[in-house]
Amino acid sequence: MQLVSKTYSAAERAYREVKERILSGALPGGELISEGEIAEALGTSRTPVREAFLRLETEGWMKLYPKRGALVVPVPSHEAEHVTQARYVVETGAVRALAETDRTAAMKALRVSLDKQRTLAAASDLDEFAVVDADFHREFVVAAGNPLLAGFYDSLRERQRRMNSVALRHGASDTARIIDQHTRLADLIEAGDATGFATALAEHLTHVHGVQLRGL
């Protein structure tokens with residue numbers, strides 16, 4: 001019984017570590033990795049790594065090739081478009097609802113997030129910046145008070161974070177411009193300007209992810 005627990009723990013650790021590397025962009029899409037190199041990096045045997053790879057393949061993050069290794073699945077172009085459009089719909093809807101309520105608490109949280117973003121940008125910590133970036137947008141979605149919208153938005157979080165990390169690591173967007181755009185979004189939320197926010201959000205998402213929002 002103790003052995004089973006230890007094996008499960010090792011497999012869970014391998015799963016979490018490899019998935020984190022994928023989400024952070026440390027393991028980029030298109031890269032082929034082996035059980036052996038991950039096992040060596042984690043100081044474990046290949047068995048828990050194999051279990052982790054199988055789990056990640058089931059979730060769509062990897063594609064396994066027997067005797068060759070595991071391919072990290074790139075972000076499909078259609079997925080980037082779909083996630084961006086879904087975010088636009090949820091975030092603009094949340095801000096329309098927020099415009100009719102007291103936004104004091106939400107604004108305080110957004111200003112704190114902006115300060116964190118500036119600190120991380122100054123330290124060139126792109127991995128943590130990508131996390132805080134995603135949290136910034138989630139903050140006002142949750143503040144709108146619709147748990148169904150918030151739950152749906154959270155289901156996009158891992159894809160959103162990976163897309164942010166890819167954009168930052170590839171130099172497709174820069175932190176200074178992102179912070180300027182986030183500041184603009186926060187100002188529009190504070191002013192209750194849902195229409196201005198929608199326009200600014202579309203520009204922001206297009207800049208970061210290179211996806212044109214169509215039919216919205």
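Note that the coordinates shown come from a computational prediction; the quantities given were computed from them, not determined experimentally.
In terms of modelled atom types and a separation under 3.5 Å, the side chain of T206 and the main chain of E203 share no donor-acceptor contact.
Note that OG1 of T84 and CD of E79 are 9.5 Å apart. Values are rounded to the nearest 0.5 Å. E17 CD to I22 CD1: the interatomic distance, rounded to the nearest 0.5 Å, is 10.5 Å.
Taking a cutoff of 4.0 Å between a charged side-chain nitrogen and a carboxylate oxygen, R21 and D127 do not qualify as a salt bridge. Taking the charged nitrogens against the carboxylate oxygens, R55 and E12 do have a contact shorter than 4.0 Å, which makes a salt bridge. Ion pair R184/D187 not flagged as a salt bridge, since none of the NZ, NE, NH1 or NH2 atoms sits closer than 4.0 Å to an Asp/Glu carboxylate oxygen.
In this structure, M107 is a member of the same hydrophobic cluster as L98, with clusters built from ILVMFWY side-chain heavy atoms closer than 4.5 Å.
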Walk me through whether V142 and Y153 qualify under side chain to side chain contact (heavy atoms under 4.5 Å, CB included).
CA-CA 9 Å; V142 172; Y153 194 80; over 6 Å; no
Hey, mind stepping through R177 and Q181 against side chain to side chain contact (heavy atoms under 4.5 Å, CB included) and telling me if it holds?
CA-CA 6 Å; R177 186 172 177 186; Q181 292 175 341; 3.5 Å; yes
Evaluate the side chain to side chain contact (heavy atoms under 4.5 Å, CB included) criterion for residues L23 and W61: first the C-alpha distance (whole Å), next the side-chain angles of each, then the deciding distance (0.1 Å), finally the verdict.
CA-CA 9 Å; L23 295 181; W61 301 107; 3.7 Å; yes
Yes or no on side chain to side chain contact (heavy atoms under 4.5 Å, CB included) for V131 and R161, after CA distance, side-chain angles and deciding distance?
CA-CA 6 Å; V131 174; R161 184 186 162 202; 3.4 Å; yes
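Heavy atoms of other residues, nucleotides or ligands lying less than 6.0 angstrom from CZ of R103 number more than 12.
The shortest non-hydrogen separation linking S24 to S165 is O-CB, 3.3 Å.
A perpendicular orientation is assigned to the rings of H182 and H137, their planes being inclined by more than 60° (bins at 30° and 60°).
Residue pairs satisfying the side-chain hydrogen bond (donor to acceptor under 3.5 Å, both in side chains) criterion with at least one member in residues 189-201, sequence neighbours excluded, are listed as follows: R111-E190.
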Less than 3.5 Å apart, which donor and acceptor atoms pair up between the side chains of residues 64-71 and the rest of the protein, not counting sequence neighbours?
none

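With sequence neighbours left out, F129 forms a ring pair (Phe, Tyr, Trp, His ring centres under 6.0 Å) with no residue at all.
In this structure, the side chains of T175 and Q117 stay at 4.5 Å or more apart for every pair of heavy atoms. A 4.5 Å side-chain heavy-atom check between L205 and L201 finds at least one atom pair inside the cut-off. Looking only at side-chain heavy atoms (C-beta outward), R157 and D135 come within less than 4.5 Å of each other.
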